[in-house]
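Down below is the structure, laid out as structure tokens.
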Amino acid sequence: MSPGLKKFLIFGVVALVLFLLISKPTESAEAVQTALSWLGDGAQALVTFVERLFS
């Protein structure tokens with residue numbers, strides 16, 4: 001990937017995130033909470049797997 005394209009994509013993602021945070025803060029917060037919940041569930045499943053593996 002060329003450096004110019006990479007910078008353009010990063011700028012676009014940052015601009016989109018800022019737009020969503022400013023225009024729809026409640027929905028953005030809910031989306032972040034959902035994503036963190038998925039990550040927490042995945043981490044808990046991994047911990048359970050490792051515990052069962054070594055017990």
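Values reported hereafter were calculated over all heavy atoms of this structure, with side chains retained and with hydrogens, waters and symmetry mates removed. In this text the structure is predicted, and so the values were computed from the model without any measurement.
Phe19 and Ile10 are members of different hydrophobic clusters when ILVMFWY side chains are connected at heavy-atom separations under 4.5 Å.
Note: Gln44 CD to Glu51 CD = 7.5 Å, rounded to the nearest 0.5 Å. One finds the CG atom of Leu39 at 11.0 Å from the OG1 atom of Thr34 (value rounded to the nearest 0.5 Å). Between the CG atom of Leu53 and the OG1 atom of Thr48 there is a distance of 12.0 Å, given to the nearest 0.5 Å. Atom CG in Leu21 sits 4.5 Å away from atom OG in Ser28 (nearest 0.5 Å).
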